[in-house]
Structure formats: structure tokens, C-alpha cells
Amino acid sequence: MVRAKRPTLADVARRAGTSTAVVSYVLNNGPRPVSDALRTKVVAALDELDYRPDRVAQALRRPRRWRQIGLLVPDLTMPLYGAFVGRIEIEARANDHLTMIGNTGFDPARELEFARAFTDVGIDGLIVVGTVDAPATAELCHRARVPVAWVHNSRGVTDAPVIGADHVEAGRLATRHLADVHGCRRIVFVGGHTAAEVEHGDRETVAQRFRGFSSIARETGVISTDLTASGAYAAVTEHLRSCPAPPDGIVVGTHGQAAAVVRAVTDAGLRVPGDVRITGFDAHPTADYSQITLTSVTQPIDRITRRALGLLLPGDRQDAESEPIDVVIELGETCGCAA
């Protein structure tokens, strides 16, 4: 299939019977005046040829204050990814960078489509949070000579390290708190971390948190889910209905499942934290006003953001650090620590 040639300024000028300078004056509303009759001819030629200005070429010809970075996230509805977007946008704007955002939906084809579109319009760098096809996206950006910062986690291997929290340690912290502080002995992990269990979700992060959980839990139990709230509610409900004795502790692999797990436990007639103590991850400050607050291991969004932008900002580019960033546990009511 042969793609039609894009009409040029010269094509429009020929159709209107005038010069390219006059066409430019009409398009830019100056700097010189154009008669109404000639303007009408130029506008008609523009419409007939379906002419569209080359915005990339225009941007290259003029000095600009604002540079642009692309930002890809897998799900803007999740508080964690929303927090990354908000912090990156603020930090980038403070350094004269505008942020173009693409919501990939954990879909590798959509991730690549956004990356190609962003590089086509001339971004100066790309941040990918939770990439689902790192090799393909890395190859595209390499060909376009666009620097990339990989954040939070990555599906697929690239030469560059991922800038993110220590999710294995996060799993240890959440589990150790239940075992050592509250004496829980029947602790289960809620979440899925294989391709068979999870099609659209952050299974890489959950797999790392599960490793940390397994290193602490004396009796390792798993309630497998697809990482959705509805999936977590159904799986926990079925587990509590069929098991001979309920767990006394639950580690919820993602924040998106936490409220559903608490609801499933209470709907089964058990008390949180009286009968079952619960810990999770990445609770957002707005969750402080929920019916019961989650004891949660959180990651330092600010530090991760600054390190990622340090790879991209001109004049301040740093080498990528491979060491994961420390996490902390924030005590809430679901484990019984906070009143």
C-alpha cells in the first residue's frame, strides 16, 4: 500500500495561485496583511488539499521554554499510579518540562503505541511506570534516541535498572509485623503473581512481595486472585467458607484488593482486627478517612520520582542506581495497632 504524499506549503500556494509566503501569512495571521480575496483563495486551497501544519517541524524551528517528557502508567484509577503521576508532573513542571500521559491498561500493544506516538511528537525523555513490554519499548526509544527511566517494576529485561522500592523487603515487613508483633501463626497471602492468574495487573510486584512473605510466614498459605477487587472478594469468601480454621493474619498483595478483603472477612462474620489482622501495601492518604485504616507498607514516591527525573533532565543527568529504595510500614487499624 502506497501512502499518499502529505501536501506541502508549496502545493497550497500553487492551488491558490500565490506564493508560499502568503500562505504562511494566512496560517500564522501575519506578520504581513493579506487581502480578503486572497485569504479566501488560500483557505479554500487549504481545505481542498486537507493541509495540516507539521507541528514537529514548527517546534524545531522556534526556541521553546517548555520541553516535554512522556509518562506511561498502567492504570490511572489506582491510587499508587495516580500518586506517581501527580509527583512526576509537579517535579517536571518545576524544571520547565510538560508531561504527556498515556494510560496503558497493562496492554503491551497500547504501551508501544503510546511510546511511538510520544517519540513522534518529539518528547525529550520517557518515564515508564510498571512497563509490560520493556524490550520492545526500549528498542523503540533507542532508535528514536529518547532516554528512558523505568520505574516501579518491569515485565521483560533491559540493560537499565528499574528505579523502585524494595518490594521483597515490603513483603517481609508486612508479614513480620503480623508474626512478631501480633503473634499470628496462620498467615495467608492474597494475590496472584503468574501469567495464568493475572492478565491485566502488576503481577511482577506481587511476586516480589510474595517472596518476602514466604521468607517469614511459618505456614505459607495463598489465596490466589486476579488482582481485582471482585476477584479478591470472591476468593477470600470461598477460602473462609471452606477452610477448617480461618487465618489469624492476612497480607494483601496490592492496595486495590485491600478493601474487598476486609469486606469479605467481615461479611463472613469475623472481626478485623479482633479475629483476623490484616496488612497491605501502598495505602493512599485519602484512605485515612475510610471506615477502618489499613496497616500498610509504603514506598517513597518523592525519592523514586527525583531519581527517575535525574536520568532525563538535561544538565542534571545521573547514572541509574540499581539498588532498590527502602520502604516503611505505617500502622493502621486493620492490624490492631492504631486505635
Side-chain angles (χ1 to χ4, degrees), residues 74-75 77-80 105-106 130 153 155 167-168 170-179 182-284 287 290-297 332-336:
D75 190 343
T77 66
M78 293 186 179
L80 173 66
F106 293 100
N153 231 311
R155 188 170 301 168
H167 299 299
V168 176
R172 291 192 195 102
L173 274 179
T175 312
R176 187 181 293 120
H177 184 76
L178 294 176
H182 296 290
C184 296
R185 293 296 177 266
R186 299 184 310 280
I187 307 174
V188 298
F189 184 93
V190 175
H193 53 86
T194 68
E197 295 166 321
V198 182
E199 181 179 5
H200 299 292
D202 189 7
R203 61 180 186 254
E204 287 74 24
T205 298
V206 175
Q208 293 173 56
R209 290 170 177 170
F210 180 68
R211 280 172 50 201
F213 164 85
S214 301
S215 69
I216 302 297
R218 293 175 174 82
E219 296 180 15
T220 301
V222 182
I223 301 175
S224 176
T225 77
D226 61 0
L227 302 186
T228 65
S230 59
Y233 181 86
V236 172
T237 297
E238 175 58 29
H239 179 84
L240 294 176
R241 182 185 295 121
S242 60
C243 67
D248 55 2
I250 295 177
V251 177
V252 187
T254 63
H255 185 258
Q257 302 173 105
V261 171
V262 172
R263 179 64 182 269
V265 171
T266 57
D267 282 358
L270 299 168
R271 298 167 300 151
V272 178
D275 299 312
V276 183
R277 301 178 189 273
I278 298 174
T279 58
F281 305 92
D282 301 321
H284 192 265
S290 58
Q291 191 66 32
I292 184 169
T293 58
L294 179 69
T295 293
S296 174
V297 180
E333 297 164 329
T334 56
C335 72

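Given the structure is predicted, the values throughout are model-derived calculations rather than measurements.
- Side-chain contact between R155 and R203: present, with at least one pair of heavy atoms (C-beta onward) separated by less than 4.5 Å.
- Considering every non-hydrogen atom in both A245 and R186, the closest pair reads CB-NE, 4.3 Å.
- Of all the heavy atoms in S224 and A235, the pair that sits closest is O-CB, 3.6 Å.
- With sequence neighbours excluded, the residues that form a side-chain contact (heavy atoms from CB on, under 4.5 Å) with E238 are R241, S242.
- In terms of the ring pair (Phe, Tyr, Trp, His ring centres under 6.0 Å) criterion, residue partners of H193 (sequence neighbours excluded) are, by chain and number, F210.
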> Is there a side chain to side chain contact (heavy atoms under 4.5 Å, CB included) between D267 and Y233 once you walk through the steps?
Replying inline: CA-CA 10 Å; D267 282 358; Y233 181 86; 2.6 Å; yes
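- Remark: the Q208 side chain and the T205 side chain contain no N/O donor-acceptor pair separated by less than 3.5 Å.
- For the pair R209 and F281, the distance from NZ or CZ to the six-membered ring centre is under 6.0 Å and the angle to the ring normal is within 45 degrees.
- Between the side chain of H182 and the main chain of R277, no donor-acceptor pair closer than 3.5 Å is present.
- Contact check for I250 versus V265: side-chain heavy atoms found under the 4.5 Å cut-off.
- Side chains of T225 and E197: a donor-acceptor N/O pair is absent below 3.5 angstrom, by distance only.
- Minimum interatomic distance between V236 and I223 (heavy atoms only, all atoms of both residues): N-CG2, 4.0 Å.
- No donor-acceptor pair closer than 3.5 Å links the side chain of T279 to the backbone N or O of V251.
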> Checking side chain to side chain contact (heavy atoms under 4.5 Å, CB included) for the pair L270/L240: CA distance, chi angles, key distance, verdict?
Replying inline: CA-CA 10 Å; L270 299 168; L240 294 176; 4.2 Å; yes
>> Set out, in order, the CA-CA distance, both residues' side-chain angles and the distance that settles side chain to side chain contact (heavy atoms under 4.5 Å, CB included) for L173 and R176, then state yes or no.
In response: CA-CA 5 Å; L173 274 179; R176 187 181 293 120; 4.2 Å; yes
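- Partner E333 forms a side-chain contact (heavy atoms from CB on, under 4.5 Å) with one of T295, T293, I278 and no other, that one being T293.
- Here CD1 of I292 is found 6.0 Å from OG1 of T334. Values are rounded to the nearest 0.5 Å.
- Residues F189 and V206 meet the side-chain proximity criterion, which asks for heavy atoms closer than 4.5 Å.
- In terms of heavy-atom proximity, G192 sits nearest to L227 at N-CD2, 3.4 Å.
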> Would T228 and Q257 count as a side chain to side chain contact (heavy atoms under 4.5 Å, CB included) if you check the C-alpha gap in whole Å, the side-chain angles of each, and the deciding distance to 0.1 Å?
Replying inline: CA-CA 6 Å; T228 65; Q257 302 173 105; over 6 Å; no
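- Contact of the H255 side chain with the L294 side chain is registered, since non-hydrogen atoms from C-beta on lie closer than 4.5 Å.
- Residues P273 and C335 share a closest heavy-atom pair of CB-C, 3.7 Å.
- Scanning both residues, I187 and D248, for their nearest heavy atoms gives N-OD1, 4.0 Å.
- The structure places CG of D275 at 11.0 Å from OG1 of T266, a figure rounded to the nearest 0.5 Å.
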